[in-house]
Amino acid sequence: GQDRDGICRSWGQHHFETFDGIYFYFPGTCSYILAQDCHSATPEYTVWIHNSRACEGNVYSCPRALSLFFPNEEEIHISGYQVHQGGRRLSLPQTVGGVFIERLADYLLVKSVFGFSLAWDGGSGVYLKMSEEHQGTPCGLCGNFNHIAGDDLNTARGIRTDEPALFANSWTVDLPHERACPSVDLDFNGPCRSESDMDVRTIKKCSCSVFAFSL
């Protein structure tokens, strides 16, 4: 309902929903900028999501990881329920600069003093919530949070597109300690290509690779 405003989520490695309610499917196996403050010389936040390169079986069980960056702080890396910074494992709860990290039940929660919060389920599900003060400032796979669903798929070069692969490939992060990661083909075989491969719930929800929620 209305409380979903300002929430971006990703689950099952390949599923994404932007702050403004655009859902898209993208079978990428690289690391990507999920969300970043793109209107500050020094971004208040940057979130990378690391998809599994060797996912076997159900994509909902693929292990993913996160990297969080905040001004004047070393990378915070989250894998499972373990949190590391600068190679050191952090005991929780922990405060890092203006960011508070804790585990609550089956989630890791990251809360900031500047209107950024994140929930991670320890496996593949991540939820980001931004306060209204960040309206129009994010970029990345989560879109721009300007309450206009139709312009969410802007590439890293500022080009608007309707192609999920073109959009998402542009937000790939090249990690120096890993081999080059392959881009996803524009004509990838998504779950909406063949209704015979979809269950009833998916058919109801999905008529193309990208659609806007009306909430």
Side-chain angles (χ1 to χ4, degrees), residues 8-19 22 24-56 59 62-80 82-90 96 99 108 110 116 118 120 122-128 130 137-145 152-190 209-210:
C8 170
R9 61 183 181 139
S10 178
W11 67 102
Q13 175 139 299
H14 297 165
H15 303 275
F16 298 84
E17 184 184 355
T18 68
F19 289 119
I22 286 286
F24 65 95
Y25 178 91
F26 174 68
T29 58
C30 304
S31 295
Y32 304 92
I33 295 177
L34 185 63
Q36 179 173 289
D37 171 19
C38 288
H39 286 258
S40 301
T42 301
E44 281 192 291
Y45 62 86
T46 299
V47 181
W48 293 353
I49 190 154
H50 306 287
N51 280 357
S52 171
R53 292 200 177 191
C55 179
E56 298 181 0
V59 295
C62 292
R64 304 168 99 186
L66 300 174
S67 289
L68 311 181
F69 300 89
F70 302 103
N72 304 314
E73 296 291 343
E74 294 181 284
E75 173 186 355
I76 298 171
H77 187 79
I78 301 175
S79 179
Q82 295 187 13
V83 182
H84 289 82
Q85 185 180 33
R88 304 179 304 276
R89 182 173 179 179
L90 302 181
V96 179
V99 175
L108 281 179
V110 181
F116 165 97
L118 178 149
W120 166 250
S124 74
V126 57
Y127 305 81
L128 276 70
M130 308 297 296
T137 67
C139 64
L141 298 186
C142 282
N144 55 21
F145 185 33
D152 269 5
L153 304 191
N154 287 308
T155 70
R157 294 186 176 182
I159 300 172
R160 187 179 301 178
T161 179
D162 292 326
E163 294 286 350
L166 181 64
F167 162 68
N169 283 331
S170 77
W171 294 106
T172 301
V173 176
D174 292 322
L175 302 179
H177 59 281
E178 292 187 357
R179 68 185 187 279
C181 192
S183 296
V184 174
D185 292 336
L186 295 186
D187 61 347
F188 67 84
N189 187 23
S209 291
V210 181

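Atom-to-atom distance recorded for Trp171:CH2 and Asn154:CG is 8.0 Å, nearest 0.5 angstrom. Here Leu108 contributes atom CG and Ile78 contributes atom CD1; the two are 6.0 Å apart, rounded to the nearest 0.5 Å. Considering CD1 of Ile22 and CG of Asp162, their distance stands at 9.0 Å, rounded to 0.5 Å. Here OG1 of Thr42 is found 7.5 Å from CG of Asn72. Values are rounded to the nearest 0.5 Å. For the atom pair Leu141 CG and Cys8 SG, the distance stands at 7.5 Å (nearest 0.5 Å). Here the CZ atom belonging to Arg9 is positioned 10.5 Å from the OG1 atom belonging to Thr18, to the nearest 0.5 angstrom.
In this structure, Phe24 and Phe167 have perpendicular ring planes: the angle between them is above 60°, well past the 30° mark.
Under the 4.5 Å side-chain criterion, counting only non-hydrogen atoms from C-beta, Val47 is not in contact with Phe69. Counting heavy atoms from C-beta on, the side chains of Phe116 and Glu44 never come closer than 4.5 Å. When side chains are defined from C-beta on, Phe26 does not count as touching His14, because their heavy atoms never get closer than 4.5 Å. Within the 4.5 Å cutoff, the side chain of Arg53 has heavy atoms near those of the Arg179 side chain. Contact of the Leu166 side chain with the Ile159 side chain is not registered, since no non-hydrogen atoms from C-beta on lie closer than 4.5 Å. Inter-residue side-chain proximity for Leu34 and Val126 is flagged as met; some heavy-atom pair is nearer than 4.5 Å. The closest side-chain heavy-atom distance from Ile76 to Phe70 is below 4.5 Å. Between Glu73 and Gln85, the closest side-chain pair of non-hydrogen atoms falls below 4.5 Å.
Arg64 places no side-chain N or O within 3.5 Å of a backbone atom of His50 that could act as its donor or acceptor partner. Not one N or O on the side chain of Asn144 forms a donor-acceptor pair closer than 3.5 Å with the backbone of Cys139. Between the side chain of Ser170 and the backbone N or O of Ala156, at least one donor-acceptor pair lies under 3.5 Å. Looking only at distances, no side-chain donor or acceptor of Tyr45 sits under 3.5 Å from a matching main-chain atom of Pro43. Of the possible polar contacts, one joining the Trp120 side chain to the Gly80 backbone as a donor-acceptor pair under 3.5 Å is found. Side chain of Ser124 to main chain of Gly12: a donor-acceptor pair is present (N/O by atom type, distance under 3.5 Å, no hydrogens or angles).
The two residues Pro63 and Ser52 make their nearest non-hydrogen contact at O-CB, 3.4 Å. Minimum interatomic distance between Gln13 and Cys62 (heavy atoms only, all atoms of both residues): OE1-CB, 3.8 Å.
Aromatic ring centres of Trp11 and Tyr127 lie farther apart than the 6.0 Å criterion allows.
Residues Ser10 and His15 have side chains that never bring a donor and an acceptor to within less than 3.5 angstrom of each other. Side-chain contact, Ser40 with Asp37: a donor N or O sits under 3.5 Å from an acceptor N or O. With no hydrogens or angles considered, no side-chain donor-acceptor pair links Thr29 and Asn51 at under 3.5 Å. Side-chain N/O atoms of Ser67 and Glu75 include a donor and acceptor closer than 3.5 Å.
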In sequence, state the C-alpha distance, the side-chain angles, and the governing distance for Phe16 and Tyr25, and then conclude on ring-ring contact (aromatic ring centres under 6.0 Å, His included).
CA-CA 6 Å; Phe16 298 84; Tyr25 178 91; 9.0 Å; no

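Atom CZ of Arg88 has more than 12 heavy atoms from other residues, nucleotides or ligands within 6.0 Å.
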